[in-house]
Amino acid sequence: MSRSSRTIRTRALVSAGLVIALAALTGCNGDDGDKDKKGAGSGSDTPSSSGLPASLTGQQPAWKKCAAPTAAQGIGEAPGDDWECATLKAPLDYAKPDGETIDLALIRAKATDSKKRIGSLVFNFGGPGGSGVSSLPSFAQDYENLRTRYDLVSFDPRGVGESAGVTCLSDKELDASLQIDGTPDDDAELRTALAERAKYVAGCKEKSGTVLPYVDTVSAARDMDLMRAVLGDKKLHYFGISYGTELGGVYAHLFPKNVGHAVLDAVVDPTEDPVSGALGQVEGFQLALDNYMKDCAKKGKMCPTGKGGAEGNAKIASLLKEIDAKPLPTRSGRELTGDQALNGIAAALYSEEAWEFLSMGLTEASKLHRGDMLQLLSDSMTGRHTSGRYSNIQAANTAINCVDDKQRYTVEDVKAKLPEFRKASPVFGEFLAWGMLGCTDWPVKGTTDGPEVSAKGAAPILVIGNTGDPATPYEGARKMARELGDGVGIELTFKGEGHGAYNSGNECMTKVVDGYLLDGKVPAKGTTCS
């Protein structure tokens, strides 16, 4: 969760952060052959990306061994010998395809069975703002079966990581910024929060002003079609998670005839504006919290939220109020604020596997008056490495959301909505209501009232909703399937917890998705796994 206009994150990204944090705390027919030398401009029958010069569509990326992810991508280890990295040139402004270009960072691992190879499977893990270059190798084991017939490919979308990444503040400035109370209790705190927000916006404009107008989702979707052409694929085979589902829906709208096999998991509701989207997330996180508390209560008397329900919500709300008034010390020397504690709670709700760490964090905070675990969980959301370096996920998230969304809100708008948000959740409501100011005074105007995802004529696209998803509530999948169009959006349901379904390890869901991606078996609409 962040203070931007939308607060969507992906399970994969959060899990990557959790790995770092917890380590710190505990010590169809296949295409034959290699397509590298057969780009769209080389005489193949691959469709060219519409309207682009041959200098772009005919690129031959220079694949080489990958270095370790950079700070902007999220510090980690080099991914190993199976992985290759390259850059792809794309127009900064698609209205001027012969003009200035930017470099997009790519990563891939080739299919293990070249004789049965289908093509490339392009991943976007969400955010918006998540680096695919750093994320895909970390979770490749979840997609190892798919790699038998696909090259696994991902990228840093424009504005993210090493693809003309947006920057706004230094690491030290971000540390200081995150100490500011984002849920002001009085006029003085409000003035401080607004001043800090103005500083953040000014930093974005100063450091990244030339790219801010061009990091929109439509341009990122056009980048993917250029990528498809350069990789030598007739169709784009795609796996999008969280915000990646919105990006995939926009791609399908722009290039319906180029859609191959596509999976949208943890689905963004394309019909919502930023306010209704934020309110939906409030309800989603509250549902996930309630489910956690029920599970916690079944496990014994040591549960930090007691019997759950009203009692549990009251305990958490009281704890957050205490931390807001008096931040907790941590081993890092930083203090855990109320906002960071709430961010940490939200981080743990992205995966049922993290619930035990949420219990540890809440117990530590309430009994020992320390904030180590909740701060580590919060850092996994904000992109902070244990070294003190930040990825650019916060800056990219804000920049992409704010160039996409036309809507801008005022303090008065927030105050008018606060009762509704508080009613939806006594824990998360106020925090996400103030997040409505994420694009206020942004230096670039927004482009749309909402994403256009209608895709008449596209091949069937799997749209997966998880009934317990906190960040992209289940109802979004049904609306995405409907907007894609009859015969295009194939809705599937996973009755589970956490953000996303495929990576849950559920055998039913794995079988359905793999059958579709590997063998072209389109499941019946309404298929349910639990």
Side-chain angles (χ1 to χ4, degrees), residues 1-4 6-26 74 125-130 134-135 138-139 174 178 182-183 241-243 266 278 281-282 284-293 295-296 304-305 316 319-320 323 328 330 332 334 336-365 370-386 390-391 393-394 397 425 427-428 431-432 435 466 468-473 497-500 503-504:
M1 224 171 348
S2 72
R3 296 178 196 165
S4 56
R6 286 197 295 259
T7 58
I8 298 162
R9 290 286 187 268
T10 69
R11 176 179 181 273
L13 289 167
V14 173
S15 297
L18 287 177
V19 169
I20 295 169
L22 297 175
L25 187 70
T26 60
F125 292 94
S134 65
S135 295
S138 298
F139 301 97
L174 280 169
L178 290 173
T183 53
I241 305 167
S242 199
Y243 162 78
Q281 281 198 322
V282 170
F285 277 105
Q286 185 60 53
L287 173 63
L289 181 62
D290 288 338
N291 290 343
Y292 152 76
M293 291 192 292
D295 181 76
C296 184
T305 52
I316 293 177
L319 176 62
L320 292 172
I323 299 173
L328 299 179
T330 70
S332 69
R334 295 179 293 146
L336 178 79
T337 67
D339 285 355
Q340 289 173 328
L342 185 64
N343 223 24
I345 293 169
L349 296 176
Y350 276 80
S351 171
E352 190 173 3
E353 296 171 356
W355 286 3
E356 64 177 298
F357 303 113
L358 177 53
S359 293
M360 290 168 60
L362 292 173
T363 300
E364 180 186 57
R370 294 193 59 84
D372 295 286
M373 177 59 77
L374 289 179
Q375 188 177 71
L376 288 168
L377 290 167
S378 178
D379 287 347
S380 74
M381 290 283 272
T382 58
R384 190 185 194 276
H385 187 262
T386 53
Y390 283 87
S391 75
I393 190 169
Q394 295 181 73
N397 181 270
S425 172
V427 175
F428 300 103
F431 185 90
L432 283 173
N466 181 351
D469 198 313
T472 51
E497 301 294 338
H499 190 40
N503 285 1
S504 68

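This is a predicted model, so every value here is computed, not measured.
- Here I323 contributes atom CD1 and L342 contributes atom CG; the two are 10.0 Å apart, rounded to the nearest 0.5 Å.
- Scanning both residues, Y292 and P304, for their nearest heavy atoms gives OH-CG, 3.9 Å.
- Put simply, the side chain of E364 gets close to the backbone of M373: a donor and an acceptor are under 3.5 Å apart.
- Checked by atom type and distance alone, the side chain of Q340 pairs as donor or acceptor with a backbone atom of T337 at under 3.5 Å.
- Residues satisfying the side chain to side chain contact (heavy atoms under 4.5 Å, CB included) criterion with D469, sequence neighbours excluded, are A266, N466, A471, T472, H499.
- Note: F428 and F285 have tilted aromatic rings, judged against thresholds of 30 and 60 degrees for the angle between ring planes.
- Rounding to the nearest 0.5 Å gives a distance of 12.0 Å between OG of S391 and CZ of R384.
- The backbone N or O of S134 lies less than 3.5 Å from a partner atom in the side chain of S138, making a donor-acceptor pair.
- P470 has its side chain out of reach of Q281: every pair of non-hydrogen atoms, C-beta onward, lies at least 4.5 Å apart.
- L432 contributes atom CG, which lies 8.0 Å from atom OG of S425 (distance to the nearest 0.5 angstrom).
- Side chains of N343 and L377 form no contact here, defined as non-hydrogen atoms less than 4.5 Å apart.
- Shown here for A348 and L358, the closest heavy-atom pair between the two residues is CB-CB, 3.6 Å.
- Salt bridge present: D379 and R334 bring a charged side-chain N and a carboxylate O closer than 4.0 Å.
- With contacts defined as side-chain heavy-atom distances shorter than 4.5 Å, the pair Y243/N397 does not qualify.
- Under the 3.5 Å distance criterion, the side-chain polar atoms of D339 are matched with a main-chain donor or acceptor of G182.
- Under the 4.5 Å side-chain criterion, counting only non-hydrogen atoms from C-beta, R370 is not in contact with L328.
- Checking side-chain atoms of S378 against main-chain N and O of L374 turns up no donor-acceptor pair under 3.5 Å.
- The two atoms that bring S380 and A347 nearest to each other are OG-CB, 3.8 Å, heavy atoms only.
- Separation of atoms CG (L362) and CZ (F357) is listed at 13.5 Å; rounding is to 0.5 Å.
- Side-chain contact check for L174 versus T382: every heavy-atom pair is 4.5 Å or farther apart.
- Scanning for side-chain hydrogen bond (donor to acceptor under 3.5 Å, both in side chains) contacts around N291 gives E497, with sequence neighbours left out.
- Considering CE of M360 and CG of L376, their distance stands at 10.0 Å, rounded to 0.5 Å.
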